[in-house]
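What follows is one structure encoded as structure tokens, with my remarks underneath.
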Amino acid sequence: MSVTRRQILAGLAGVSALGLGAGGARYWLGRPEGAKTHDYELIAAPLDVELVPGRRTSVWAYGGQAPGLELRARQGDWLRVRFVNRLPEPSTIHWHGIRLPLEMDGVPYLSQLPVLPGESFDYRFRVPDAGSFWYHPHTASGEQLGRGLVGPLIVEEREPTGFRHERTLSLKSWHVDGQGVFGEFSVPREAARGGTPGRLSTVNGEASPTLELPAGQVVRLRILNLDNTLTYRLNLPGAEARVYALDGNPVAPHPLGREYLLGPGMRIELGLRVPAVGTALPLRNGPLRLATLKSVDSGETAADWPAALPANPVPEPDLAAATSLRFNFEWAAALSVNMEQGGAFKFWQINGQAWDINDRSCAERPIATLQQGRSYIFELRNVSQYQHPIHLHGMAFKVLDSNRRKIDPYFTDTYLLGRNETARIALVADNPGVWMFHCHVIDHMETGLMAAIKVA
Ligand SMILES: [Cu+2]
């Protein structure tokens with residue numbers, strides 16, 4: 001893979017015509033065929049927002065919003081996003097969960113050169129799967145995601161589903177104090193444990209908002225964990241809710257139950273039967289209220305539970321012919337690092353190797369090489385006391401089983417590996433390239449818990 005500065009600069013053509021303060025323009029609806037070179041012009045730029053009442057917080061926004069502008073595409077179509085960097089530092093965009101070519105994957109130096117301040121880059125790819133996805137940088141992730149560079153990407157089914165109503169709920173906590181001022185995004189003693197948590201919890205950038213939902217309808221709630229650190233213990237006491245999709249893929253609809261653990265990077269889609277007018281349901285993280293869902297008169301006739309969502313065209317791994325590989329996720333405890341000389345902490349490792357975020361040559365030493373077209377079973381062993389949402393780029397995988405819980409096999413892009421858990425996942429290595437395989441607790445990923453897997 002060679003990406004030249006010339007290719008990047010070629011992406012700059014026409015940027016001078018863009019309005020600087022325009023944020024992310026949406027050309028999606030009513031776009032005359034062929035009249036535009038992209039569907040979205042997504043500007044990343046600093047923005048002052050009010051997270052704490054009466055206080056200003058200087059966040060980094062996509063399209064004038066933090067979390068960022070919701071991007072939408074239709075399954076099977078091309079999505080064309082012109083990313084314009086108006087941040088004070090280089091950035092890229094990774095499209096979490098989208099199966100796409102490596103050159104569009106947003107990993108710096110592997111997929112592309114970082115997009116420098118003032119530059120732009122055109123992302124163009126097909127979206128093969130319908131579902132709830134998201135986007136974020138893969139550069140200086142602790143600070144860039146921490147400051148707000150996270151956004152939903154919704155891929156709609158080609159045919160109408162049984163849902164007439166839907167809402168996107170982006171969960172994120174912020175590393176701010178009571179005055180709305182950012183503190184440290186990463187503290188070494190926390191990075192070596194569960195990750196550095198933010199203190200202010202929000203839904204769609206608002207602390208404990210009230211969301212109005214149409215009474216009597218079954219609403220599709222797309223709940224996205226866009227947080228750096230937190231695993232949410234999601235629950236909806238008193239609600240009639242069914243799970244329709246996990247991460248990017250549909251499942252057989254089933255009751256939500258007592259709670260669902262939604263790790264960083266993970267998504268869940270619920271069908272919620274909205275109760276009678278005036279009812280207020282709490283959406284909670286454990287005992288803490290995240291949002292209030294209030295039912296309002298819709299004037300529509302009551303709806304029934306929609307049928308299951310159609311499966312995505314993810315290839316089915318051949319388990320009988322699959323090759324097995326084992327990955328151990330361990331604590332590394334390399335505390336003696338000279339940060340002044342550009343060193344990075346290495347608290348975590350995969351199969352004895354800690355990724356160094358400052359060493360561009362890490363990607364040249366893949367932890368495994370898969371033969372294109374073959375099926376593989378990965379045995380994921382967490383031999384640490386902290387949970388790790390394990391994410392693979394480029395390909396979806398099927399969760400087969402676990403020694404800690406009963407699994408109904410399902411396709412995903414991120415699996416929350418509990419403490420001391422061993423789980424097996426399977427995939428068809430159908431996408432050539434070098435793909436990042438990492439924990440989505442950003443502190444863990446930046447202190448070693450990342451590797452490259454090559455498919456050739
Ligand atoms: Cu982790």
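Keep in mind that this is a model prediction, so the values were computed, not measured. Order of listing sets the numbers, starting from 1, for every ligand and every atom in it.
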| query | With respect to Phe121, which candidate in Leu116, Val115, Val84 satisfies the side-chain contact (heavy atoms from CB on, under 4.5 Å) definition? | reply | Val115
| query | Are Asp129 and Arg99 close enough for a salt bridge, meaning some N to O gap below 4.0 Å? | reply | yes
| Derivation and outcome, salt bridge (charged side-chain N to carboxylate O under 4.0 Å, His left out), residues Arg419 and Glu421 | CA-CA 5 Å; Arg419 61 181 72 168; Glu421 178 179 357; over 6 Å; no
| said: Whether Glu269 and Arg222 form a salt bridge (side-chain N of Lys/Arg under 4.0 Å from carboxylate O of Asp/Glu) is what I want to check. | reply: yes
Distance-only criterion, 3.5 Å: show the donor-acceptor pairs between side-chain atoms of residues 392-399 and protein atoms not counting sequence neighbours.
{"unit_1": "His393", "atom_1": "ND1", "unit_2": "Asp105", "atom_2": "OD2", "d": "2.7"}
{"unit_1": "His393", "atom_1": "NE2", "unit_2": "His94", "atom_2": "NE2", "d": "3.4"}
{"unit_1": "His393", "atom_1": "NE2", "unit_2": "His138", "atom_2": "NE2", "d": "3.3"}
{"unit_1": "His393", "atom_1": "NE2", "unit_2": "His438", "atom_2": "NE2", "d": "3.3"}
{"unit_1": "Lys398", "atom_1": "NZ", "unit_2": "Glu316", "atom_2": "OE1", "d": "3.4"}
{"unit_1": "Lys398", "atom_1": "NZ", "unit_2": "Glu316", "atom_2": "OE2", "d": "2.5"}

| the Cu ion (ligand 1): which protein N, O or S atoms are under 2.8 Å away? | His388 ND1, Cys439 SG, His444 ND1
| message | Taking the side chain as everything from C-beta on, heavy atoms only, tell me whether Trp435 gets closer than 4.5 Å to Leu110. | response | no
